[in-house]
Structures are given as structure tokens and as C-alpha cells.
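Data block below; observations after.
Letters go in sequence order (proteins before strands), and every chain restarts at 1. What you see is a predicted model, and the numbers here were worked out from it, not measured in a lab.
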Number of protein chains: 2
Amino acid sequence: MDALDRRLLAELQADARLSYNELSRRVSLSAPAVAERVRRLEADGVIDGYHAHVDLTRAGLPITALVQVQCYGTRCVLRDPAVATWPEVLQLYRVTGGACCVLLVAVPEMARFEELIDRLGGYGQPSTSMILSTPVPWRPVTAP
Amino acid sequence: MDALDRRLLAELQADARLSYNELSRRVSLSAPAVAERVRRLEADGVIDGYHAHVDLTRAGLPITALVQVQCYGTRCVLRDPAVATWPEVLQLYRVTGGACCVLLVAVPEMARFEELIDRLGGYGQPSTSMILSTPVPWRPVTAP
DNA sequence: GGTGAAATATGTAATTG
DNA sequence: CAATTACATATTTCACC
């Protein structure tokens with residue numbers, strides 16, 4: 001990973017739909033050279049995918065929350081692969097501290113959130129922080 | 001937003017670099033029709049951008065954490081726009097509950113994390129949950 | 001990593017249902 | 001009025017230097 005790779009990473013994080021041609025202009029390299037470097041970053045797993053970022057409110061999911069779950073030993077959220085497939089679960093982290101995991105969830109309405117908390121309650125003690133606003137929904141990673 | 005828009009959203013969330021041509025094949029529509037629908041989703045703000053997803057560990061940022069900050073009234077993280085520009089801060093949420101905000105942060109090494117916590121300490125009482133693993137780093141949004 | 005030619009994809013305008 | 005077709009332009013992908 002040299003400086004050129006880092007520039008390509010920055011460009012593709014800012015706009016994943018840039019053409020190899022446009023990228024080649026921005027980093028002053030030929031298009032095939034850029035395409036090969038990007039393919040290498042993908043093959044090495046540095047680039048994990050390319051995703052359209054959807055505005056949750058405009059997509060009909062105005063209610064978001066961070067939910068910590070303090071699981072009951074064996075019956076843990078992290079031990080049930082089904083939880084990761086629930087459509088409400090946008091992110092799931094295993095963490096240190098009182099809780100064993102934190103989930104970022106999004107739902108269309110409160111009734112659905114209540115139902116989700118009930119479901120999570122089967123795995124452990126959920127503790128909810130409703131998200132009031134998201135000053136930084138996402139930020140490009142700058143490799144050191 | 002009809003069923004076709006939702007299918008396009010799903011495809012572009014799974015792979016933001018799909019060509020209009022390929023998208024048109026997948027949803028059985030002509031390429032110009034697809035391009036116009038995608039442009040409308042962008043103009044309406046439903047699609048907020050397209051981002052390459054970078055593997056933090058492979059990009060040299062193996063240490064990640066969720067940090068809650070219980071701010072000191074006036075000197076709040078949310079009132080200082082500079083915090084949102086710190087490269088360590090990947091996500092920032094304003095939340096209900098004891099803390100006023102939660103930050104997802106990533107750093108190359110512990111020394112840097114210690115320094116970050118010190119900086120955050122200037123705004124309020126930070127409470128850290130180190131991230132042990134990320135079973136779900138990201139998940140496509142399914143509009144209701 | 002660069003160059004050039006063939007295959008593919010994109011954007012625009014006219015046209016249809 | 002949104003989708004399709006047709007065509008000009010731009011991009012991607014090879015083979016080769």
C-alpha cells in the first residue's frame with residue numbers, strides 16, 4: 001500500500017462510482033494501471049465492497065437506536081446467527097464492558113421498535129439509546 | 001418509490017459499482033430508464049452517496065471502539081464542529097440517555113487511542129467499549 | 001506501468017405506448 | 001409521462017511493448 005493506493009482509496013470512499021478513466025485522471029496514471037491497483041486492493045481485502053449509502057429517514061426508517069444487550073450467558077445475541085440477518089439490524093459489534101454487544105437498528109415506527117426490543121429481551125437485558133440525530137453518519141478512513 | 005426503485009436500491013447497496021447496463025439486465029428495464037430512476041433517487045436524497053467500504057484492520061486501523069461521552073453542558077462534543085473532522089471519528093450519533101453522544105472511532109495503536117480519550121475528556125466524561133469483533137459491519141437497508 | 005484497438009457501456013434525442 | 005430504440009461518445013479490457 002503506497003501513496004497512490006491511499007489516494008485511490010480516498011477517491012473510491014468519496015465516490016465509489018468513479019470510472020477508472022476518471023480515477024486515472026485524478027491520480028495521473030493510465031486507466032489499466034488504476035484498474036489493476038483497484039483489483040489488487042479488492043483481492044487483498046482492503047476494499048471490502050462498494051455500497052450505495054441510503055438516507056434512513058427518506059427510505060422510510062426514521063427511527064434509529066443504539067441498543068446494548070447484556071446477554072444471559074449461553075443465550076447470547078452473538079451465538080445466534082439469525083440476529084445478524086434481522087433486517088432492523090444495520091450494524092452489530094461485540095464489545096468489552098457491561099454489555100456483550102451493541103446493535104445499530106433502524107425501524108419505520110415505534111411499534112416495530114417495541115417488538116424488536118421484546119425479541120432482543122429473549123437474549124439478555126437490552127439498554128436503548130435512541131438516536132436523536134447523526135452529525136457523522138459515515139467518514140472516509142485515512143490509512144496511517 | 002415503487003418496487004422497481006426498491007430493487008435498484010438493493011442492487012446498488014450490494015454493489016455500488018454495477019453499470020447501468022448490468023442493472024438494466026437485473027431489473028429487466030432499459031439502461032436509460034434505469035439511469036433516470038437512479039438519478040431521481042439521488043436527487044430525492046434517498047441515495048446519499050456511494051462509498052468503498054474499507055476493512056479497518058487491513059487498512060492499518062486494528063483498534064476500534066464505541067465511546068459514549070457525557071458532556072459538560074456548554075463544552076459539548078456536539079457543539080464543536082471540529083470533532084466531526086477528527087480522522088479517528090468514523091461515526092457520531094447524538095443519543096438519549098446518560099450520554100449525549102456516541103462515537104465510533106478507529107486508531108492504528110493504543111497510544112493513539114489513549115491520546116484520543118484525553119482529547120474527548122476535555123468535552124465530558126468518556127466511557128469506552130472496545131470493539132472485540134464486528135459480526136455485522138454493515139447491512140443493506142430494506143425500505144418498508 | 002504505458003499504448004492502442006476491440007468490446008462494452010453511457011448519454012442524448014427522437015419515438016412509441 | 002415514463003420506457004424504448006438508435007446512435008454518438010466514453011470507458012473498459014485485452015494484447016503487446
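We find that CG of Asn21(A) is positioned 16 Å from P of dT9(D), with the value rounded to whole Å. Rounded to an integer number of Å, the gap from Glu22(A) CD to dT10(C) C1' is 15 Å. Distance CG (Leu23(A)) to P (dA10(D)): 18 Å, rounded to an integer number of Å. Counting to the nearest Å, the P atom of dT11(D) and the CG atom of Leu18(B) are 19 Å from each other. Atom CD in Glu36(A) sits about 14 Å away from atom P in dA15(D), given to the nearest Å. Rounded to whole angstrom, the span from the CG atom of Asp2(A) across to the C1' atom of dG1(C) amounts to 12 Å.
With sequence neighbours excluded, no residue forms a salt bridge (charged side-chain N to carboxylate O under 4.0 Å, His left out) with Glu42(A).
Taking side-chain N and O atoms only, Arg25(A) has a distance below 4.0 Å to OP1 or OP2 of dT11(D). Applying the 4.0 Å criterion to OP1 and OP2 of dA3(D), one finds that Arg37(B) has a side-chain N or O inside that range.
The main-chain N or O of Tyr50(B) is never found under 3.5 Å from a side-chain atom of His53(A) such that the two would form a donor-acceptor pair.
When hydrophobic residues (I, L, V, M, F, W, Y) are linked wherever their side-chain heavy atoms come within less than 4.5 Å, the members clustered with Tyr123(B) are Val136(A), Ile63(B), Val67(B), Val69(B), Val77(B), Leu78(B), Val83(B), Trp86(B), Val89(B), Leu92(B), Leu103(B), Val105(B), Val107(B), Met110(B), Phe113(B), Leu116(B), Ile117(B), Leu120(B), Met130(B).
Here the straight-line distance linking atom CG of Asn21(A) with atom OG of Ser30(A) works out to 10.0 Å at 0.5 Å rounding. In this structure, CG in Leu90(B) is found 9.0 Å from OG1 in Thr64(B), a value given to the nearest 0.5 Å.
Ranked by how close their nearest DNA chain C nucleotide is to the 5' end, Ala31(B) and Ala33(A) are led by Ala33(A). Between Arg17(B) and Leu4(B), the residue anchored nearer the 5' end of DNA chain D, judged by the nucleotide with its closest heavy atom, is Leu4(B).
With respect to the salt-bridge test (charged N to carboxylate O, under 4.0 angstrom), the residues Glu22(A) and Arg26(A) qualify. A salt bridge links Asp5(A) with Arg40(A): at least one charged nitrogen is closer than 4.0 Å to a carboxylate oxygen.
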Per-nucleotide protein contact along nucleotides 11-17 of chain C, 5' to 3', at a 4.0 Å heavy-atom cut-off (B base, S sugar-phosphate only, - neither), is SB-----
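Contacts of Ser19(B) with the nucleic acid, taken as non-hydrogen atoms under 4.0 Å apart, involve only primed sugar atoms and P, OP1 or OP2.
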